[in-house]
Amino acid sequence: MAALSNTRWIGAIVIACVICPVLCSNILILPGAPFGNFYITISRFGELLAMRGHNVTVLINDLYYQRFAGLIKEQRTFMNFEDYESGFNEFPDAYNRVTKSAHIALTISEILRIFDVLADETEAFIQDSNSIKRLNAANFDLILANAFNPGFALIVDTLRVPFVSVSTMRAFPMIDDLLHGLTSNPAYVPAVKTGYSDEMTFPQRLGNTFAYLASAAMFEFLLLKPFKSIQQRHNIRPELSYRSLCRNSELILFCSDFAFDYPRPMMPHAIYIGSLTARTPDPLSQ
Ligand SMILES: *[C@@H]1O[C@H](CO)[C@@H](O)[C@H](O)[C@H]1NC(C)=O
């Protein structure tokens with residue numbers, strides 16, 4: 001009798017050791033806009049999460065299919081896709097301009113036009129009650145959002161799901177500071193496009209400070225403007241500033257590394273994850 005209960009105990013212990021708890025979450029990915037290599041980098045997170053057993057859904061439109069058809073076909077075997085209407089279908093010239101060549105410097109009016117289109121498509125998406133109902137029914141546990149398209153904050157707030165922001169670039173002084181509540185110091189962190197290094201003379205520091213103020217003003221009063229008006233029109237937490245909506249993220253991940261950046265202060269919720277999204281290289285064909 002004693003021997004029998006002993007073996008039962010041993011059996012129970014063995015089973016308890018073999019079975020480990022599985023935590024499968026529903027995760028939604030907002031890849032931002034179908035420009036450059038955003039999709040490749042952001043959807044890599046989906047691949048890594050799906051490999052760990054999570055149920056991953058990616059929000060895309062037909063422009064993604066045009067550019068990344070092969071990759072998406074492969075990913076369809078382990079991730080879900082949800083479609084929305086692209087705002088660029090009505091402005092193909094604006095879209096062509098951003099995607100045709102990475103070497104063309106866009107004018108300020110073209111940049112504003114692109115952000116206007118991104119805002120319009122975000123508004124069309126949050127007004128589409130069928131899509132929103134379907135996404136709400138999926139009960140997402142987490143959203144992973146590309147911070148390049150500031151419209152992510154409106155979608156996240158409509159779905160009311162905790163989120164993690166992802167930037168495919170390094171942490172830009174001022175722009176990322178405003179968007180994610182980071183801090184940088186114009187005395188030694190050079191602003192974008194100034195061409196300065198971390199060692200600046202006094203006049204250069206002065207110029208750098210003006211560059212900080214100019215980029216903050218452009219971001220706050222021009223780029224975010226169409227998104228702010230959607231926030232007010234649709235009553236999405238109108239008491240908060242748009243920047244506060246964006247800053248509610250649990251974490252902000254930068255696909256870069258300290259080695260590629262200037263020395264700068266970092267907040268504990270901002271993490272450099274460079275190399276994580278890199279794929280295993282294929283051997284060269286002979
Ligand atoms: C996976 O996510 C989709 C939403 O894209 C949802 O419809 C489906 O029910 C989810 N599956 C599980 C097992 O939770």
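Every number for a ligand or one of its atoms is a count from 1 in the order of the listing. Any value given below was found using the heavy atoms of this structure, including those in side chains, with hydrogens, waters and symmetry copies removed. Throughout, residue positions are numbered sequentially from 1 according to the sequence presented.
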Which pairs of donor and acceptor atoms, one on a side chain in residues 267-275, lie under 3.5 Å apart (sequence neighbours left out)?
unit_1, atom_1, unit_2, atom_2, d
H269, NE2, H180, O, 3.1
Y272, OH, D261, OD2, 2.8

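Using cut-offs of 30° and 60° for the angle between ring planes, the Y84 and F125 rings count as perpendicular. Under the 30°/60° scheme for interplanar angles, the aromatic rings of F148 and F38 are found to be tilted.
When ring centroids are compared, Y64 and F81 stay outside the 6.0 Å threshold. Between Y188 and Y262, a ring centre-to-centre spacing not shorter than 6.0 Å is recorded.
Near ligand 1, residues N26, N55, T57, N80, A138 each place a heavy atom inside the 4.0 Å sphere around the ligand atoms.
Listed here is the closest heavy atom pair of P186 and M200: O-CE, 3.6 Å.
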